[in-house]
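Scroll down for the structure; my scribbles are underneath it.
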Amino acid sequence: MLDATTRSGGTATATPPAIATELSPLSPAVIVVAPAGGLAARYTRALLSPWSRLSLLVLLLGAAATCVLLFEPQRLLADGWPPQVGGAVAAVVFGAAYGLCTVAFVPRPLLNLAAGALFGSQLGLAAALAGTVLGAGAAFGLGRVLGQDALRPLLRARWLQAADGQLSRHGFRSMMAARLFPGVPFWAANYCAAVSRMGWLPFLLATALGSVPNTAAYVVAGARASSPTSPAFLIAMAFIAVPAVVGAVVAWRKRHHLRGH
């Protein structure tokens with residue numbers, strides 16, 4: 001019985017190697033899967049890297065600018081709005097198109113004039129302001145998600161660091177100044193704010209409030225363009241010219257402050 005027990009014990013201890021031998025054909029499959037997972041992870045990291053996202057942003061903006069050149073939205077000033085769409089629905093559609101056009105670098109003064117010429121002073125102002133906030137938010141979001149990580153390490157020049165610090169620490173005040181005085185292009189202010197550490201709420205609130213005077217002036221000018229000697233048109237033109245002059249003077253004085261930092 002001891003011999004039988006010993007033999008059975010030997011048989012029992014010999015079983016795991018047999019099992020290991022039977023499972024051994026599966027081990028190459030495990031070895032093959034691991035590198036595949038690592039390769040996929042490396043590809044994912046490469047696609048989500050800061051410079052890959054920045055390249056995607058450049059491609060998107062280039063495609064948007066190409067669409068603007070092909071479709072020529074400035075023809076609205078000459079041809080008018082399509083007659084199939086009218087009233088408040090047309091203003092909503094115009095506001096959405098306005099926002100997309102500002103992301104694609106279409107000058108806002110042109111769009112504001114078109115809003116006034118197509119919809120009048122009140123409805124045109126509402127559509128233009130809605131499009132302004134929409135376009136600014138879209139540009140800010142694109143710049144923040146796709147461009148910030150790649151561009152922030154490049155802020156090495158003193159004036160760039162000073163501008164970034166001003167936007168990051170005093171976001172609402174700085175953006176209000178940029179919107180009130182038309183010295184900074186709309187798209188440039190959007191993407192500079194996106195690269196900085198400015199928050200969403202100060203950016204959008206300053207954009208909405210700071211854009212009212214200049215936008216209203218252009219919209220009224222577009223609505224009264226048929227009577228250029230009317231008081232409303234002349235006052236609107238004054239509101240356009242005076243902030244431009246003041247903004248140029250402020251920019252001239254601020255350049256020394258930025259260089260000093």
Side-chain angles (χ1 to χ4, degrees), residues 64-65 68-69 71-82 85-88 90-140 174-193 203-251:
V68 168
L69 293 176
F71 292 103
E72 299 179 353
Q74 64 271 17
R75 290 184 300 177
L76 289 173
L77 287 173
D79 301 339
W81 193 257
V85 183
V92 171
V93 174
F94 179 86
Y98 185 115
L100 295 176
C101 287
T102 57
V103 176
F105 312 113
V106 176
R108 285 183 62 248
L110 177 65
L111 298 171
N112 292 333
L113 291 172
L118 295 173
F119 305 107
S121 300
Q122 297 180 356
L123 190 58
L125 178 59
L129 285 177
T132 296
V133 176
L134 176 63
F140 186 85
S174 301
M175 190 53 54
M176 277 286 291
R179 301 309 190 193
L180 286 172
F181 303 116
V184 181
F186 184 75
W187 62 269
N190 294 336
Y191 291 110
C192 287
F203 173 78
L204 293 177
L205 188 59
T207 297
L209 296 177
S211 300
V212 171
N214 186 262
T215 303
Y218 275 100
V219 170
V220 171
R224 301 300 179 91
S226 58
S227 54
T229 57
S230 64
F233 182 84
L234 295 177
I235 293 173
M237 293 304 297
F239 269 96
I240 293 172
V242 171
V245 174
V246 174
V249 173
V250 171

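Qualifying side chain to side chain donor-acceptor pair (under 3.5 Å) partners for Y218, counting only residues two or more places apart in sequence or in other chains: none. Partners of N190 by side chain to side chain donor-acceptor pair (under 3.5 Å), not counting sequence neighbours, listed by chain and number: R179.
The shortest distance between side-chain heavy atoms of Y98 and N112 falls below 4.5 Å.
Contact record, A217 with I240: CB-CG1, 3.6 Å, taken as the closest heavy-atom pair. Nearest heavy atom pair, residue A221 against residue M237, reads CB-SD, 4.3 Å. Contact detail for R224 and S230: the closest heavy-atom pair is CB-OG, 4.2 Å. Between G137 and F203 the shortest heavy-atom distance is N-CE2, 4.3 Å. Residues R108 and S211 come closest through the heavy atom pair NH2-CB, 4.1 Å. Of all heavy-atom pairs spanning A188 and V184, the tightest one is CB-CG1, 4.4 Å.
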Carefully, step by step, assess T102 and T132 under the rule side chain to side chain contact (heavy atoms under 4.5 Å, CB included).
-> CA-CA 8 Å; T102 57; T132 296; 6.0 Å; no
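F239 CZ: 12 or fewer foreign heavy atoms inside a 6.0 Å radius.
A distance of 11.0 Å separates CZ of F186 from CG of N214, quoted to the nearest 0.5 Å. L204 contributes atom CG, which lies 10.0 Å from atom CG of L134 (distance to the nearest 0.5 angstrom). From W187, atom CH2 reaches atom SG of C192 across 8.0 Å, with rounding to the nearest 0.5 Å. Rounding to the nearest 0.5 angstrom, the gap separating the CG atom in L129 from the OG1 atom in T207 is 11.0 Å. Remark: L111 CG to F94 CZ distance equals 5.5 Å, nearest 0.5 Å.
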